[in-house]
Amino acid sequence: MACMKLGSKTDAFHRQGQAWFCTTGLPSDIVVEVGEMSFHLHKFPLLSRSGIMERLISEASEGEEECVINIPDIPGGAKTFELVAKFCYGVKFELTASNVVYLRCAAEHLEMTEEYGEDNLITQTEAFLNQVVLRNWKDSLKALQTCDDILPHAEELNITKRCIESLATKASTDPNLFGWPVKEHGGPMQSPGGSVLWNGISTGARPKKSSSDWWYEDVSTLSLPLYQRLISVMESRGIKQEIIAGSITFYAKKYLPGLNRRQGTSDSSTRLAPVSLGSPPSEEDQKLLLEEVDRLLPFQKRVVPTKLLFGLLRTAMILRANPSCISNFEKRIGMQLDQATLEDLLMPNFSYSMETLYNVDCVQRILDHFLAMDQITGGGVSPSSMDDGQLIGSPAGPSLTPITMVAKLIDGYLAEVAPDVNLKLPKFQALAAAVPEYARPLDDGLYRAIDIYLKSHPWLAESDREQLCRLMDCQKLSLEACTHAAQNERLPLRIVVQVLFFEQLQLRTSIAGCFLVSENLDGSRQLRSGFTGSNEGGWATTVRENQVLKVGMDNMRMRVSELEKECSNMRQEIEKLGRVKGSSTWGNVSKKFGFKIKSQMCSAQEGSVTNQHNGNEKVEKLKERHGKHKKDSVKDE
C-alpha cells in the first residue's frame, strides 16, 4: 500500500489512559475533548492551521484560566484528531489509503485551508488522493471502504464517487495491456514493460494473463450500497453482462450461505469460491441482499448458470422474499429451462400447507414462462415438420431442440413426483398437458410417469384413469413401451386395445424395413459374386448375416399370422357381444375403443415378431380381461 510521510519531528506525543500529552517541555494551555479522549495541547500550533480551532479557542479563552473545547463530530473521531494534531505540530506520521479519507474530511471540517498555512492538510490529502490513491486499484478499493464510516462527509467532497469511478475504469481495462499486477499476492512483480522481475532484475519472462474475473473477490468486500453503485457505474462503462453477472453471483455466494450447500465440486467457479464468513448475516440482511441481487442481475438469457438461479430461487422461498423477487427468478429460469437438470427441478415445498412433497406449482410457472418465451422466439418445432417415422416412434431423429429437451425433463420430473400420494390428479394432468404434443418425439417418458402415478394412486376411478391415459399418444410409444403397456393391468381396457393395434402397425413397418434390407443384401451379393481372394472372408460374413436375418423374418411372419388370427377371433366375439346389446356393426365397437381399424389389418398377411412367448401372454391376458368384461355385461342384462 502506498504511503507518504508528513512532518519532520520525532513523535512528541504520549498517551496516559484516556488522555494524550505533548512532551515539548512547555505546559499545555488548552484541552481538546474528542469523544471520551482528551488532548492536552498548545493553542498556537492549532489556531495557526485551522480556522475552526481559531474561533473555538477565541471563544473558550474569554474569562477562563483553563481553555477547554469540545469537538464531538469530527470525522474519524479521536484517532483522526490525533493525526491532525501531529500534523499541526509537524510530527512525522504516514499518510495512507486507510487514513487519507478520514484526514481529508477532518481537514475540511476544521477548515485547514491555505489561508491558515502553506501546504495545509487539505492540500496535501487532496494531492495524495489524486496522485497516488486513485491511480492504484488496491488503494482505491481501501479508500472506498473507509468512506462507509463517514459517508455523508465523503459524499460532500465527492471522494466516494471518485473512488468508484477509478475502480470501474480499472475493471473495464485489460490489466495485461499495461503489465501492472492487480493483486498484492497475485504473483511476481513486473517491470514497466511487463516482464517478470527477480530481485529487481528483468528475467524476460512474461507473466500469465489475468482472467476477466480478477476483481470479483476484491469488490466483494464492499458494503452492499457501495457495491451496488460500483456495479451500476461498471454497466455504464460497457462491461459485458456476463462479467457483471459473474461478480454479482460471487457476491451473493459470499453472503448467502444457502447458495453454497448444493454447489457440486465440478462447478467451474470453485476456484473462486468465497471464503466462509465468521458469522453469517441475519436472515433479514440476507433477504435484503437477495432482493438487491435480483435488481442487479441482468435480465438476459444464459448470463447466469441455471443451477445458481435455482439456488437463488430456493433461497428466496426459504427467506420469504418479496413475491416479485421470486417471480423474477422463475422467469430467468424459464428463459433457459432447457439447460436445467432433474435435480434442479426437485425443489421441496417450503409452504406452510405442505400439500405436496415438491413444489409442483413453481415448476408449472417456470414451464409456462419457457413456453411463452419459446413461442415468442419461434423456437418450437411445428407438428407438420415432424417426420412420419418419428411420429410412429422411431428413436432416430434430428438433434434435440430446446423444447424437446424440456419435454424430456418434464416427463422425468413427473415420474419423480408421481409417487406422492398428496399430488392431486388435476395438478399432474396440468403439468403433463402443458408440454405441446409436437415436443415429444416419443411418449415413453410420459407413459412411465402415468404408470407410476396409477400405481401410487390405486383408488382412482376408471373414468379418471382413462382421462389420465388420454394424455399420451399410443402411436408415439416405442415397441418396448407397447410391450409393457399391453401387459399392464393398471391401464384401462380401451388403452390396451389401442396399444395392441398400434403395436401391430409398428410391426408391419418393421417388416417392410426388413424386406428392404434383404433386397439390398441380395443385390449386393449379385454385384459382388465375381470377387474372390481377400474379399471372400467379408462376403462370407455378409452371407451369414443374411441367413440370420431371414430366419428372424420367418419367425416374425409366423407370429404376425398368429396375432391376426387372434384379432379376427376377438372381432367375432365383440360383434356377438354387440348384437346382444343391439349393436350389429363392427364400426360401432371400433368407435367405442376410440380408433378406426381397416378390415384388411386383420386379414392374414405376412409379418412377424421376434418373441413369440411374450406375444402370446399379451393376447391371453387381454382375452381374460375381455372375458371378465363380457360376463359383467351379461349379468347386467
Side-chain angles (χ1 to χ4, degrees), residues 134-142 144-145 160-187 194 207-256 259-260 263-264 266-275 289-313 315 325 328-329 331-333 335-336 339-340:
L134 297 180
R135 294 185 179 184
N136 181 276
W137 169 267
K138 282 289 185 180
D139 290 341
S140 298
L141 182 66
K142 188 62 181 178
L144 182 59
Q145 291 170 339
T160 307
K161 180 180 178 181
R162 285 185 284 169
C163 290
I164 290 176
E165 292 284 348
S166 172
L167 293 174
T169 301
K170 291 174 175 57
S172 60
T173 305
D174 185 2
N176 297 297
L177 297 176
F178 304 99
W180 44 269
V182 296
K183 292 187 177 181
E184 294 178 350
H185 50 79
K208 294 182 179 180
K209 291 187 176 182
S210 300
S211 58
S212 58
D213 55 17
W214 60 266
W215 50 273
Y216 287 4
E217 186 174 355
D218 288 339
V219 300
S220 68
T221 59
L222 295 173
S223 65
L224 182 58
L226 292 179
Y227 176 79
Q228 176 189 2
R229 292 175 58 181
L230 175 62
I231 290 298
S232 299
V233 174
M234 286 182 174
E235 287 180 337
S236 66
R237 292 296 181 98
I239 297 181
K240 294 181 179 179
Q241 296 293 321
E242 294 83 355
I243 300 177
I244 295 292
S247 174
I248 297 171
T249 54
F250 186 94
Y251 192 92
K253 285 182 181 180
K254 185 169 185 176
Y255 297 103
L256 295 173
L259 289 182
N260 298 315
Q263 294 296 320
S266 60
D267 190 354
S268 60
S269 63
T270 50
R271 63 187 181 87
L272 289 174
V275 294
L289 170 59
L290 194 61
E291 294 173 353
E292 189 60 39
V293 167
D294 168 47
R295 285 189 286 269
L296 290 175
L297 277 178
F299 222 100
Q300 190 174 330
K301 191 175 182 179
R302 288 185 173 86
V303 297
V304 181
T306 307
K307 184 175 292 293
L308 183 58
L309 285 175
F310 272 102
L312 291 169
L313 175 59
T315 305
C325 174
N328 287 337
F329 285 132
K331 290 178 181 178
R332 287 185 174 93
I333 295 173
M335 294 170 64
Q336 54 193 60
Q339 302 295 318

(message) Go through it in stages, so that I can follow the logic: the residues are L290 and F329, the test is side-chain contact (heavy atoms from CB on, under 4.5 Å), and I'd like the CA-CA distance, side-chain angles, deciding distance and then a yes or no.
(response) CA-CA 11 Å; L290 194 61; F329 285 132; 4.2 Å; yes

Determine the minimum heavy-atom distance between [X] and [Y], stating which atoms define it.
X: I231; Y: S247; value: CD1-OG, 4.0 Å
X: M335; Y: K301; value: O-CE, 2.9 Å
X: S220; Y: F250; value: OG-CE2, 3.7 Å
X: S166; Y: S140; value: OG-OG, 3.1 Å
X: L167; Y: L144; value: CD1-CD2, 3.6 Å
X: T169; Y: T173; value: O-OG1, 2.7 Å

If the condition is side chain to side chain donor-acceptor pair (under 3.5 Å), which residues does [X] pass it with, not counting sequence neighbours?
X: T315; answer: none
X: S232; answer: none
X: Q336; answer: T306

Side chain proximity check, [X] to [Y], heavy atoms < 4.5 angstrom:
X: T221; Y: K254; result: yes
X: F299; Y: N328; result: yes
X: L296; Y: Y227; result: yes
X: L230; Y: L226; result: no
X: L312; Y: R332; result: no

Are the side chain of [X] and the backbone of [Y] linked by a donor-acceptor contact shorter than 3.5 Å?
X: Y251; Y: V293; value: no
X: D213; Y: Y216; value: no
X: W137; Y: L134; value: no

(request) Just jot down the salt bridge (Lys or Arg N to Asp or Glu O under 4.0 Å) partners of E292, sequence neighbours excluded, or say none. (result)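 Only R295 meet the salt bridge (Lys or Arg N to Asp or Glu O under 4.0 Å) criterion with E292.
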
(message) Just to verify, what does T249 make a side chain to side chain contact (heavy atoms under 4.5 Å, CB included) with, not counting sequence neighbours?
(response)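 T249: side chain to side chain contact (heavy atoms under 4.5 Å, CB included) contacts with L297, V304, L308.
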
(message) Return the CG to CD distance between L289 and Q228, rounded to the nearest 0.5 Å.
(response)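 Between L289 CG and Q228 CD, I get 11.0 Å after rounding to 0.5 Å.
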
(message) To the nearest 0.5 Å, what is the distance between CD on E235 and CD1 on I243?
(response)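 If I round to the nearest 0.5 Å, the distance is 12.0 Å.
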
(message) Filter on salt bridge (charged side-chain N to carboxylate O under 4.0 Å, His left out), then keep only pairs touching residues 236-246, sequence neighbours left out; what's left?
(response)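 Found E165-R237.
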
(message) For a side-chain contact (heavy atoms from CB on, under 4.5 Å) check, start with the C-alpha distance between K138 and D218, then their side-chain angles and the critical distance, and finish with the verdict.
(response) CA-CA 8 Å; K138 282 289 185 180; D218 288 339; 3.1 Å; yes

